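Just so you know, residue 1 is the first one in the sequence shown, and it goes up from there. Just so it is clear, the model here is predicted, and its values are computed rather than measured.
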Amino acid sequence: MKNHLKHLLLFAMLTVCSVATAVAQATLKGKVVDAETKEPLIGATVAVSGTSLGSITDIDGNFTVEIRAKKAVLVFSYVGYSELRREVNVSGSKADLGEIALTPDAVGLEEVSVIASIIKSDRQTPIPISNVKLAQIEEKVGNLEFPELLKSTPSVYVTRESGGYGDSRINMRGFDSSNLGILINGVPINGMENGKVYWSNWSGLSDVSQFIQVQRGLGASALGLSSVGGTMNMVTKSTEAKRGGSAYFGIGNDGYRKYSVSLSTGLMDNGWAVTLMGALNTGDGYVKGTNYEGWTYFGNISKVINEHHKLSLTAFGAPQWHNQRGTMHYIEDYKNSPDGGRFNNGYGYINGVLTGSGYGYNFYHKPQISLNHYWTINEQSSLSTSLYASIATGGGRRVRGNHTEWLTIDYNTGRPKDGAMMTTDGLIDFHSAMEANAASENGSEVIFTNAINDHKWYGLLSSYKNRFTENFTLTGGFDGRYYRGYHAEKIDDLLGGAYYTPKKPLDFQTSNAILKEGDYVQYYSVGEIVWAGLFAQAEYTKEKWSAFLSASLTEEAYRYHDRGGAPIDGKKISDFYHFLPWSVKGGFNYKFTKNHNVFVNAGYFTRAPFFNAVFPNNNIVANDNAPYEKIMTFELGYGFSTHNFNLALNGYYTRWNDKTTRRQIGEEYANITGLDALHMGVELEATYKPVESLELKGMFSYGDWKWADDVNFTLYDDMGAPIGTYNAYVKDVHVGNSAQMTGALSASWEMFKGLKLSVDYNYAGKNYADFDPSNRTDKSDAGVDAWKLPDFYTIDLGMSYRFDLCKGLKAVVYSNVYNLTNTRYIADAKDGANHDWRSALVYYGFGTTWSTGFKIMF
């Protein structure tokens, strides 16, 4: 009887196991394609609803997924496409679902890709790319700044720099933002006069972006961009018009508060779609004296007119003000301060209100409006056109007068100047300065001005794409821009005095001018730039290989209006100075098996000198010898890809001749031209998903970036008058303020349905202080490298939990801790006279910070 019972139990267990095994072995396969073009969608997500099972599509759009029930709901999703849910019945151990066609959103990624040059697969395009998708943005951003989302990307180095709101910077392969191509929905946002991107102007991007693609090196952008280090394409949620909305509230360290709300109609039956979003960020700032307030607004109206025409009107802006730290400090001064790495002595209080002094306050609003028209001419060709405008206002605080030392921290030491008025607790004593101004018989002896940098920028970007055959595609277009930048200083605060008498009145002021708040002082000029470029790119794709060749030619014309200076040869407006930069680049990719590919690309281009290099004296006299910058680059790479593992390895070599740069040296500045540099290195990036619920990522990059020659430079005072010409011995000095060796490891685990945990380890090494040309004028400096910063690492933790709040309402909780171990590290440095840590000026990175937020979606 007992043996019979044992056999019965054993039979029952085997039966259960057999059934379970049979269900577990039920395998579904299929192919995910674009509903319109029928092209495979590579990397699309296939999830089994209600479970942690799933898969992603391979290079041919194919997928396999196991299910453990007779019925299942599969969820197919891909960036820029509407989500598709399909219920399937399993009658056997295998089933072929055939083609699963996903439809682009109201204004989908397909349309934006034409202008923004989005790469859908690095297996088909010979360019190294890295992607950050919406889920990663939402889960990781917290109270980080937008560029910090890219800190785990090979050869990318991001810091908060001075620590003020929006003051972060990003370098790629050792090149700063002026040498990267930064685009929003395909529209370039690099400054027209110097190429720089000030992220405080775009502080709300993390709230409205659904996708970021980084193309390192030359990139595949067909535009005539001077993207030496790479390009960043940011696609906003205007292309993802899904019906519903959300409300968010977040808190964090140092008084951080964030509120946001968004609403979208989705694509309505009449072909219209409307999306609106608004947000507010406030806080005290991690660094002392860096409180801030930043708003974000975003609106999009899209209209699907018919199957051939779509319109999309987008308006985006992020008005903000923030106090900021205006100077670096010696390491010794940080150590002696009770505030440590948060130390800042460039602020004080006026009537109880925290007030930053010179270079200690910034305000700006740069709205951007674009009207995009997408015309599908036929099955083979399309025309995408963007008409855009940006009218920006704002500036930063300066200290002027006969006694600027009263309220000034020395830019060269980070310490108060001799004669500075300071309180007993080491802050600026505005009260004493205001009393002195009120008692002066000559009006204010020291005042606040605002250095205004307004501009009006209008552009037209049009791109035509024609797929002549199944294999050959040609893209070409026009990039036109008109820009006027207004540069002036206006009196903002007389600080207790009745008026201000300038040392050197402007040309339209009397010799004994009595100036009040709002009057112009110091300088007043306008920079005018006219830009017209043509570009073309040919792509040829076969099953095993693909290639591209692109070229661009741009006409750039600069003109200077000196409204505040005296006429020169009877003129106050210069002639137009014309430049004709061009570029050519090409690449080849070969897939020698289903999983392996190799690629090579190369390019050569010239770049017009920046506006300041053409008019270095801040007047209408131009530097006729300002050279074109010349860049040559070469790249070789290898890729390996399966359905759950991806690896990319590449090496690069970039030679840059006749670079132009402008360096601030205290209240003076140096214009440097003819500087050569050599950048080369290797990059490795890998992703592994052993199961659908667990994703592991890693990257490593190693560079060797050096200045290749000695140069001479002219030093100018703050009014643009030349002081003298000097030699700078910089040959073989490492390019500074960008870690040349970086590494990252990360893990993301969906522990159970809705709960996701993540950990990110980031390492930075081989980072050198940025060179100061004024500290390299002696022959003894020749061959001496800049000070090398200590290596460091940080660890970030993240958690998100998604759940159903009630019928029709979903919710998610986000929580993040950054720099968990409170690592004390130097993020930025300027080389000192002795090229060591004692003479260097530095900014420390942030210690442990945190944020948590709650979002309701409906």
Side-chain angles (χ1 to χ4, degrees), residues 159 161-164 167 169 287 289 324-337 341 343-348 356-361 396-422 426-428 446 451 522 661-672 711-730 733 736-737 768-778 780-781 784 786-787 789 826-844:
T159 82
E161 205 170 42
S162 64
D167 288 342
R169 65 174 179 86
V287 173
Q324 55 191 161
R325 179 168 46 185
T327 59
M328 291 180 161
H329 302 286
Y330 292 120
I331 294 174
E332 176 187 3
D333 291 342
Y334 285 106
K335 290 182 176 179
N336 293 335
S337 170
F343 172 58
N344 176 20
N345 59 356
Y347 72 100
S357 192
Y359 298 97
Y361 176 76
R397 179 167 293 156
R398 301 291 184 266
V399 175
R400 301 296 184 186
N402 297 319
H403 288 289
T404 57
E405 72 279 1
W406 289 355
L407 305 178
T408 305
I409 303 301
D410 192 333
Y411 198 88
N412 292 313
T413 65
R415 294 172 175 173
K417 286 189 173 182
D418 291 341
M421 295 180 174
M422 308 295 288
L427 301 181
I428 293 179
V446 61
Q522 295 291 115
T661 185
R662 185 181 177 104
R663 299 297 177 99
Q664 189 77 25
I665 305 173
E667 295 180 353
E668 301 159 351
Y669 64 91
N671 262 10
I672 305 174
V711 294
N712 57 45
F713 67 94
T714 301
L715 191 66
Y716 298 87
D717 64 20
D718 61 348
M719 296 293 291
I723 298 173
T725 300
Y726 309 89
N727 292 321
Y729 297 94
V730 298
V733 173
N737 271 353
Y768 294 83
D770 200 14
F771 81 85
D772 180 343
S774 66
N775 287 331
R776 291 193 166 272
T777 58
D778 193 282
S780 62
D781 295 309
V784 180
W787 172 58
L789 283 62
I826 296 171
D828 303 85
K830 185 171 73 170
D831 204 29
N834 299 322
H835 314 303
D836 60 7
W837 69 268
R838 291 181 177 84
S839 60
L841 294 170
V842 308
Y843 285 133
Y844 276 89

- prompt: Looking only at heavy atoms, which two atoms of T777 and D781 are closest? And how far apart?
  reply: N-OD2, 3.6 Å

message: Rounded to the nearest 0.5 Å, what separates atom CG in L789 from atom CG in D831?
response: 9.5 Å

statement: Taken to the nearest 0.5 Å, the spacing of R398 CZ from Y359 OH works out to 4.5 Å

- line: Between L841 and T413, the two heavy atoms sitting closest are CD2-O, 3.6 Å

- request: Check the pair I409, N345 against side chain to side chain contact (heavy atoms under 4.5 Å, CB included), reporting the backbone distance first and the verdict last.
  value: CA-CA 8 Å; I409 303 301; N345 59 356; 3.8 Å; yes

task: Check R325 against F343 and note the closest heavy-atom contact, atom names and distance.
output: NH1-O, 2.9 Å

query: Just wondering, do W787 and V842 contact through their side chains at under 4.5 Å, heavy atoms?
result: yes

message: To check you understand the geometry: which heavy-atom pair defines the closest contact between G358 and V399, and what is its length?
response: N-CG2, 3.5 Å

message: Tell me the closest heavy-atom pair linking G348 and L427, and the distance in Å.
response: CA-CB, 4.4 Å

- prompt: Side chains of V287 and S162: does their closest heavy-atom pair fall under 4.5 Å?
  reply: no

query: Closest heavy-atom contact between V730 and R776?
result: CG1-CD, 3.8 Å

- request: Mind checking the CZ-OG1 spacing from R400 to T408? Nearest 0.5 Å is all I need.
  value: 9.5 Å

query: Rounded to the nearest 0.5 Å, how far does CZ of R397 lie from CD of Q324?
result: 10.0 Å

field: Donor-acceptor pair, side chain of N737 and main chain of A829, under 3.5 angstrom
entry: yes

query: Considering only heavy atoms from C-beta outward, does the side chain of I826 approach that of Y843 to under 4.5 Å?
result: no

query: How far does OH of Y844 sit from CD1 of I331, to the nearest 0.5 angstrom?
result: 5.0 Å

- request: Could you tell me which residues satisfy salt bridge (Lys or Arg N to Asp or Glu O under 4.0 Å) with D770, sequence neighbours excluded, listed by chain and number?
  value: R663

- prompt: Does any non-hydrogen side-chain atom of S774 lie less than 4.5 Å from one of L715?
  reply: no

query: How many angstroms lie between OG1 in T327 and CG in N412, if you round to the nearest 0.5 Å?
result: 10.0 Å

message: Once side chain to side chain contact (heavy atoms under 4.5 Å, CB included) is applied, do any residues pair with H403, and if so which ones, sequence neighbours excluded?
response: E405, W406, E445

message: Taking the side chain as everything from C-beta on, heavy atoms only, tell me whether K830 gets closer than 4.5 Å to Y411.
response: yes

message: Taking salt bridge (Lys or Arg N to Asp or Glu O under 4.0 Å) as the definition, give me every residue that meets it alongside D836, ordered by chain and number, with sequence neighbours left out.
response: none

